[in-house]
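The chains referred to below are lettered A, B, ... by the order of the sequence lines, with proteins before strands, and numbering in each begins at 1. Just so you know, these numbers come straight off a predicted model, no measurement behind them.
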Amino acid sequence: MEAKQRGNQQIDLQHGESHSHSPTYQAVLRAGPRVRPLQQAHAQIVVLGKHCNLALLTKLLTLACAAGSITYTRRLFLTVSKPDSFLFNSLIKGSSKFGFPYDAVWFYNRMLLADISPSNYTFTSVIKACADLSALRLGRSIHSHVLICGYGSDSYVQAALVAFYAKSSELSVARRLFDRIPEKTIVAWNSMISGYDQNGFSREAIGLFYQMRELGVEPDSSTFVSVLSACAQLGAIGLGCRVHDYVVSNGFDVNVVLGTSLINMYCRCGNVIKARNVFDLMSERNVIAWTAMISGYGIHGYGREAMELFGQMQTRGPRPNNITFVAVLSACAHAGLIQEGRRAFADMKQEYGLVPGVEHHVCMVDMLGRAGLLNEAYQFVKELNPGELTPAVWTAMLGACKMHKKFDLGVQVAEHLLAVEPENPGHYVMLSNIYALAGKMDRVELVRNMMIRRGLKKQVGYSTVEVDQKTYLFSMGDKSHPETDEIYRYLDDLMLRCREAGYVPASESVMHEVEEEEREYALRYHSEKLAIAFGLLKTSLGMVITVVKNLRMCEDCHSAIKYISVVCNREIVVRDKLRFHHFNNGSCSCLDYW
DNA sequence: CTAGGGTTAG
């Protein structure tokens, strides 16, 4: 064995190739993360009989992985006779870093089979792979390997574990682990904050951020990204602006990720102008940044601006991808840009070779349906492959039927949906609304009863409004607020003034409320009306009121708010589940098209 | 002989 090693070394020395400056090693480095040049370098290695040089092979394999060819990497790996821990660690890290989590796990298993002990470095990478796979069971067992091998207090491993449990929706486990870390690194904090954010617990994410600040821990750009995302979800522009100020005044570099996060926050908090400012100032803009900005215009109904930016992207920006086209098509749908939408859908397939998915189909049906082109929308649906006829597509078709009062087709579609997704309360609500519009009140009652019998409840609607950087939450008929009496009195008075100005409340028949109590409160006290009343009470003239609602707005509220904007002479902005409505002087930016 | 980890955007 010793003799053999020495022998190899002698050969290497002969060729002068035993260290990193050898021509072969240089050839591998020059090849970089590109498959073809790597194959050539590999050929050279084989020809020179250097296929036993592990250092060389490790570099080659790492680059093959970085080149994105996991098949080539694996093929090369099988030619290595005695892989060592260094090679395994490099491979596991590379596969998990470059998006091959399955392979990372596979290499990890090979490592164990080869009886090579994993190190803390091994664990960080393989745990990340488990996180990417949301592979809870596997991750748990690797967690126990960690403890057995004595790496339970390695700070890198701990942060990776926190992120892993959070990504596997085990937030309480993640939190318990996090709490037990005596010296929390900034990455541990970030893992927990982003864990909350990614699971929709925006308030918890922000709460933990405040806790971290109180302990004097300095945030970094990754912290900001998660906090801004939480602000975006909540519509918390106050905190969002403060984070932005902090970033700028402390000289943080607004990199492409942070910039995109800011764009998203400003767009979803209602300030597209500031979002565009950030976009224009960014030194690097990738496809995600462009898509975020286009999508931002889209949700505000600024279809022209969205298409203008998309045009620029096509001529001098990064190549649009599937998600870009979701943003483009939905912008077209919200703004009624039918020609542009049809064109984009065709370009997506023909010019860019992209395959439309469910979301694109939904956008198309939605776009055509809203515009009243019901036949074309229906034709579009019928031309889809059976596998593409998802409930989401039918739901879009149903929305169009309801909007344009296509009774027969609407009932047909709704009944189909009820059969496929009997547990989705939204379908019942739609069907009952369609019956109500057709004046078939007995049917309305029937659907309502069916819903009750199946124990289904309409999703609870709530709205939030920010006053003095604090957000207040209201739900329908809510009386939990300490100033409830004042708010209700003010709202009643306000609606009276709206009626005098010509507002006609929607008839009760079009409202679908399951509980008796809800019916009583429904019209007058929908959550957005309460939130707006509170906002008007607490802010001075000239201040814009911004409300965030978790569901779509009903037509009655939409009409009422138009009147409120007149009688109070206020600009009111409402973000509903899908888009923004800017109410001013009695009209809405969506032009009643939403 | 060879590097070095975990967190972050649409």
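Here A:V256 lies in heavy-atom contact (under 4.0 Å) with a base. Among the atoms of the strands shown, none is found under 4.0 Å from any heavy atom of A:T223. Nucleic acid contact class of A:S155 (heavy atoms, under 4.0 Å, all strands): base. Heavy atoms of A:N286 sit under 4.0 angstrom from at least one base atom. A:K97 comes within 4.0 angstrom of no nucleic acid atom, judged by non-hydrogen atoms across all strands.
Residue A:S191 places no side-chain atom within donor-acceptor reach of the base of B:dT7, judged by atom type and a 3.5 Å distance cut-off alone. Not a single donor-acceptor contact under 3.5 angstrom links the side-chain atoms of A:S261 to the base of B:dA9.
Distance NZ (A:K167) to P (B:dG6): 10 Å, rounded to an integer number of Å. One atom, OH of A:Y156, and another, P of B:dG5, lie 7 Å apart when rounded to the nearest Å. Regarding A:M212, its CE atom lies at a distance of 11 Å from the C1' atom of B:dT7, rounded to whole Å. Going from atom CD of A:Q198 over to atom C1' of B:dG10 covers 14 Å, rounded to whole Å. Across the protein-nucleic acid pair, A:L91 atom CG and B:dG5 atom P stand 16 Å apart, rounded to whole Å. Across the protein-nucleic acid pair, A:L228 atom CG and B:dT8 atom P stand 14 Å apart, rounded to whole Å. Taking atom CG of A:L54 as the reference point, atom P of B:dT2 lies 13 Å away to the nearest angstrom. With rounding to whole Å, A:M282 atom CE is found 12 Å from B:dG10 atom P.
Regarding contacts with the backbone of B:dG10, a side-chain N or O of A:N264 is found under 4.0 angstrom from either OP1 or OP2. In this structure, A:S194 reaches the B:dT8 phosphate: one of its side-chain N or O atoms is under 4.0 Å from OP1 or OP2.
With ring centers used as reference points, A:H145 lies 6.0 Å or more from A:Y151. In summary, the aromatic rings of A:F88 and A:F77 are positioned with their centroids under 6.0 Å apart. Annotation: A:F310 is not in aromatic contact with A:W290 [ring centroid separation under 6.0 Å not met]. For A:H334 and A:Y302, the ring centers are positioned 6.0 Å apart or more.
Looking at the side chain of A:K59, the nearest of the listed nucleotides B:dA3, B:dG10, B:dT7 is B:dA3. Across B:dC1, B:dA3, B:dG10, the shortest atom-to-atom separation from the side chain of A:A55 is found for B:dC1. Here the nucleotide nearest the side chain of A:T124, chosen from B:dG5, B:dG10, B:dT8, is B:dG5. The side chain of A:N53 approaches B:dC1 more closely than any other nucleotide in the set B:dT8, B:dT2, B:dC1. Residue A:Y121 has its side chain nearest to B:dG5 when only B:dG6, B:dA3, B:dG5 are considered. The side chain of A:D220 approaches B:dT7 more closely than any other nucleotide in the set B:dT8, B:dT7, B:dG6.
In this structure a side-chain-to-backbone donor-acceptor pair under 3.5 Å is missing from A:S261 to A:V257. The closest donor-acceptor contact from the side chain of A:D197 to the backbone of A:A230 lies under 3.5 Å.
Heavy atoms from other residues, nucleotides or ligands lying under 6.0 Å from CD of A:E359 number 12 at most.
For the pair A:K59 and A:Y25, the cation does not sit on the ring face, since its NZ or CZ is not both under 6.0 Å from the ring centre and inside 45° of the axis.
Remark: A:N321, A:I323, A:T324 in residues 308-331 of chain A come within less than 4.0 Å of DNA chain B through at least one heavy atom.
A donor-acceptor pair shorter than 3.5 Å cannot be found between the side chains of A:T471 and A:T464.
Between A:F86 and B:dT2, a base-stacking contact is recorded: ring centres under 5.5 Å apart, planes less than 30° from parallel.
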